[in-house]
Every structure is written in C-alpha cells, then in structure tokens.
Amino acid sequence: MDEDRRIAAVEEVPEDGTLLFTIRDGFDREEAILVRLADGVAAWKNYCQHWTDVRLDKGSGAAVREGDILCQKHGATFQKDSGYCDFGPCEGSYLDEVAIVVEDGVVYLAEEDYEFDGLGPSGDHDLSSRGRIDFTGT
Ligand code: FES
C-alpha cells in the first residue's frame with residue numbers, strides 16, 4: 001500500500017475512544033475517526049447523523065460507552081463496527097463509512113477519491129457547534 005495513505009498502526013487506535021484524522025478531496029477536507037474493533041478497525045466520517053455539523057470527536061477522542069460511539073450533544077449511540085445508531089434522535093441511521101484496509105498491522109486509507117491529509121483535526125472549522133447550546137451548557 002502507498003505510504004502516503006498510511007493512517008496509523010492498529011495498536012495506536014484506542015479501545016475506549018477514537019483516533020481523529022483528516023482526509024482531502026482537492027481543497028475539501030473532511031474529518032474521520034478510526035475505532036478499534038475486536039477483530040480490527042473501522043473508520044467513519046466524524047459527524048453525527050442527527051445534526052451533521054456536530055463532530056463526534058472534537059480532537060481528543062469521541063466518547064465510547066459500552067462499545068458504542070456516543071454523540072455528546074443529545075446522547076445518540078452508534079455501533080462501532082456497523083455505524084448503526086441504536087439509540088437517540090437519529091436511531092436507525094448509519095454513520096458514513098470511510099474505506100480503509102489493514103496490512104501488517106497498519107491502517108491505510110482506501111477511499112479512491114480522497115487523500116490522507118494527516119492525523120488530527122482538519123483545522124477548517126473552529127469550535128464545534130458554536131452557537132448551539134447543549135444540555136451541558138457548552
Ligand atoms: S447532534 Fe448528535 S444526537 Fe443530536
């Protein structure tokens with residue numbers, strides 16, 4: 001696999017959180033997250049299906065509760081392996097998948113239309129969900 005598409009080693013992906021990275025299509029950047037599964041990893045676009053301007057991982061890992069990715073805005077939970085929302089206001093929806101491959105313990109981006117931009121946030125947005133107040137007051 002092309003080293004330019006290397007995202008991270010599987011063992012760098014936390015079991016109780018997510019690893020944020022950025023992909024690029026021309027000048028457009030999007031964030032995605034890697035999650036650790038019992039038998040590998042999965043990757044999802046970094047936004048909730050309820051309000052798509054709400055990021056799941058704001059830079060230090062999304063919350064993971066009982067094996068589900070938790071949106072801290074209104075409490076939706078998404079299964080790590082399928083992206084299926086099994087609770088919350090967007091129940092029944094799915095996170096948008098990002099294609100990856102794992103070779104020799106290393107995760108590579110397999111999305112043909114995107115290039116790997118780097119680990120961490122895209123820097124294209126500021127403070128997530130500014131202007132919208134959730135029940136924690138943030
Ligand atoms: S924005 Fe994620 S549950 Fe509402």
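Just follow the structure's listing: the first ligand is 1, and inside any ligand the first atom is 1. As a basis for the values below, the full set of heavy atoms in this structure was taken, side chains included, without hydrogen atoms, waters or symmetry mates.
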Inter- and intrachain pairs under ring-ring contact (aromatic ring centres under 6.0 Å, His included), touching residues 80-113, at least two apart: Tyr84-Tyr94
Smallest separation among heavy atoms of Val10 and Arg36, with atom names: O-NH1, 3.3 Å
Heavy-atom pair of closest approach, residues Cys90 and Phe78: SG-CZ, 3.7 Å
Residue contacts for ligand 1, heavy atom to ligand atom, distance under 4.0 Å: Cys48, His50, Trp51, Val54, Cys71, Lys73, His74, Ala76, Pro89
Heavy-atom pair with the smallest gap, counting every atom of Val35 and Val13: C-CG1, 3.6 Å
Residues Asp117, Arg24: salt bridge by 4.0 Å N-O rule: yes
From Val64, Leu95, Asp68, residue fulfilling side-chain contact (heavy atoms from CB on, under 4.5 Å) relative to Lys80: Val64
